[in-house]
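This report concerns only the one structure given below.
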Amino acid sequence: MFGLLKTWRRQRALRHSALDPALWHHVTRSLPFLHGLAPEEMQRLQDCAVLFLQEKEMHGAHGFVPSDAVRLSIAVQACLPILNLGLDAYAGWVGIVIYPGEFRVRREETDPSGVVHEYDDELSGEAWPGGPVILSWQDIKLGTAGYNVVIHEFAHKLHMSGGDMDDFPPPHARMDREQWLAAWDAAYDEFCGEVDRGVETVVDPYASEQPAEFFAVLSEAFFTMPRAVRSIYPELYGQLALYYRQDPAARLAGA
Ligand SMILES: [Zn+2]
């Protein structure tokens, strides 16, 4: 019953949506990784973004007031990975906090002798399990092929909702679990080896910190430089295409 009510509410929200077509074109034109999406996919992306803005709550921090263009840009970038998964992939939390630039968080770490060290960390984004996504608008604007802080943090939301916090997310029911994990293990081992040897990597070496970071960074790359991911990690690319139910390399080639 709850599902029917939600569907009805969403259909009503889309019927009453007052999204400015000029704003939609302005925002989507500025995101090159949307190129190649079919008109039907762009329409579903728009519907997803409208509902996203309705169901999530965005707040500025440190005096930042997110404009309609900022809000829509974040919604569109967050909706791209779940275009074929559905908005409920982001269920269970509502808040998005947007800082004008990098933000500082207090960290605590216990060393092997049991001494607790406190320090400040500067972040461009952070995702809390069951809580908000925090983003730096300056870093969102710096987005380029291989770097997309919105896709990164929302990819964290996907693995947090279904699995181990620090590990790769579980595959969908119809995917082959062995193939999924084998592709991640092989690519992650190879990547960490390259970082250890000081080899220059195509994606941020930060991705070697833990499997969940590798998943988030590879998700950014999958959508913003898919052909590079496909040529470096063909097995993993195939598994990501099954997971996200999209083939960005194919659609960019046709664009
Ligand atoms: Zn991360």
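Remember, it's 1-based here, ligands and their atoms both numbered in the order they're listed.
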Does a side-chain N-to-carboxylate-O contact under 4.0 Å join [X] and [Y]?
| X | Y | result |
| --- | --- | --- |
| Asp88 | Lys6 | yes |
| Lys157 | Glu153 | no |
| Glu118 | Arg107 | no |

Can you name the N, O or S atom of His156 that is closest to the Zn ion (ligand 1)?
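Closest to the Zn ion (ligand 1) among those atoms: NE2.
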Check all N, O or S atoms of Glu213 and name the one closest to the Zn ion (ligand 1).
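Sorting the N, O and S atoms of Glu213 by distance to the Zn ion (ligand 1) puts OE1 first.
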Can you tell me if an N/O/S atom from Glu153 lies under 2.8 Å from the Zn ion (ligand 1)?
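No N, O or S atom of Glu153 is closer than 2.8 Å to the Zn ion (ligand 1), so no.
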Does a donor on one side chain and an acceptor on the other come within less than 3.5 Å for Ser208 and Tyr188?
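Result is no, nothing qualifies.
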